[in-house]
Number of protein chains: 2
Amino acid sequence: MHGEIAPGQPLTLRGVGAEFDVSMTPAREAVRRLTAEGALTLSSSGRVSTPELSNDRIEELAALRALIEVELASRALPRAHIALIDRLQSINAHIAEDIQRHDAVGYIRRNLEFHRTLYLRAQAPAMLAMAETVWLQLGPTMRALYGKLTQKDPPHYHRLIISALKAGDEPGLRLAVRSDVTQGLKMLVG
Amino acid sequence: MHGEIAPGQPLTLRGVGAEFDVSMTPAREAVRRLTAEGALTLSSSGRVSTPELSNDRIEELAALRALIEVELASRALPRAHIALIDRLQSINAHIAEDIQRHDAVGYIRRNLEFHRTLYLRAQAPAMLAMAETVWLQLGPTMRALYGKLTQKDPPHYHRLIISALKAGDEPGLRLAVRSDVTQGLKMLVG
DNA sequence: ATGTGTTGTTTGTGATCACAAAAGAACGCA
DNA sequence: TGCGTTCTTTTGTGATCACAAACAACACAT
């Protein structure tokens, strides 16, 4: 999810097991669960690797993010108090640091933390789980994107999200979330 | 997915293995994959059972169905030719038979086949997989609903979907799909 | 130099086992 | 009869093994 593994990287059961000091059996379970969620792809011979997404699939996943996360944000809006907004701003500051540090994995992790913190207020665990499944599928590919990212500013739309939350502006919030979600992935396809 | 298992029914690894004449290992894999998709719930002690959904969760899953399936239908619309519509009508006829026969499982299976047939035209495998994950989570609960269903007519909104497809009416199609998806689940919550 | 066949290694699969925790049954006591 | 305790059984967990399929490396022939 955090892009620590590059797209297309193959994994072996024995390798994963050795990495976490367990036998093949638990490694198999974990790998199979991740493949069930689409985080790993299973070749015809049973070998697993991190997926290399086609442009079509990236577009699909971006559309899914837009659909689900806009809904989550909308549901979170009525419950968003000042403490939540403070927390989001704090996370945003950390994101700026990660950008300075050129820490792509940290950037992705905190970016998702920003979104998750907001969506947790929606009190919609099934939807949140769905959104995280999409994040899981996009993880390796997002790393490939943000790795070659050379911007210096923290994400533009995060500020829009925060001000829409402050203003209680639901249409503005929906638009800001949709833009934030779509923005980065447009670069990948283009 | 088809509601063959009642909500809350416990499953054992050895039991599943015996049912399919395999050892515990493949049974474990299958069960764990299904739990990863939310089709089965994992108790704290590692025991698995089919989920008993709260009203809040049913509402969430219905909202997810509405979001994703409306989008899928919308994407399928431009590619929907007459052969597809014929097939949908044929499935609809089978649904009527299942209702006559009071075959709840057959009814659910064919209802999902109706939707899947339409959505396959959307050429959006990731979205379709997402929709099927939601179906999987709702399966046992839907059985509990349609089991006590005493209507005699085939689903009302299926006809609306078909006529919207024929007319190329996108807003009408979106509304019909949303209504069809929401309809049954409202009864569960109410 | 390239294609092809062969060999040696890696890898996933399914089965079985030992063990500990949990659930259920049996029992005794109030 | 109701309830707590003990004992038996069931159940998930992680490890290990044998096997076959897939892969990689290499040598050979064209």
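Only heavy atoms go into these numbers, but all of them, side chains included; no hydrogens, no water, no symmetry mates. Within every chain, numbering begins at 1; the chains are lettered A, B, ... in the order of the sequence lines, protein sequences first and strands thereafter.
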Partner of B:Arg110 under side chain to side chain donor-acceptor pair (under 3.5 Å), chosen from B:Asp103, B:Asn92, B:Asp98: B:Asp98
A:Glu113 vs A:Arg109, salt bridge (charged side-chain N to carboxylate O under 4.0 Å, His left out): CA-CA, chis, key distance, verdict: CA-CA 6 Å; A:Glu113 185 189 353; A:Arg109 177 182 287 123; over 6 Å; no
Residues that A:Arg14 engages under side-chain contact (heavy atoms from CB on, under 4.5 Å), provided they are two or more places apart: A:Met24
Residues, nucleotides or ligands: over 12 heavy atoms within 6.0 Å of B:Arg33 CZ: no
Heavy atoms from other residues, nucleotides or ligands near CZ of B:Arg116 exceed 12 (cutoff 6.0 Å): yes
Audit row: A:Glu60, A:Gln137, side chain to side chain contact (heavy atoms under 4.5 Å, CB included) steps and yes/no: CA-CA 11 Å; A:Glu60 256 191 274; A:Gln137 297 185 40; over 6 Å; no
Polar side-chain atom of B:Thr182 near backbone of B:Ser179 as donor-acceptor pair, under 3.5 Å: no
Sugar-phosphate only, base, or nothing, as touched by B:Leu42 at under 4.0 Å among non-hydrogen atoms: nothing
Atom pairs, N/O to N/O, protein against nucleotides 19-22 of chain D, distance under 3.5 Å?
none

Whole angstrom value for the distance that separates P of C:dG14 from CG of B:Leu13: 15 Å
Any residue of residues 18-41 of chain B with a heavy atom less than 4.0 Å from an atom of DNA chain D: B:Met24, B:Arg28, B:Arg32
Charged N-O contact under 4.0 Å between A:Glu71 and A:Arg75: yes
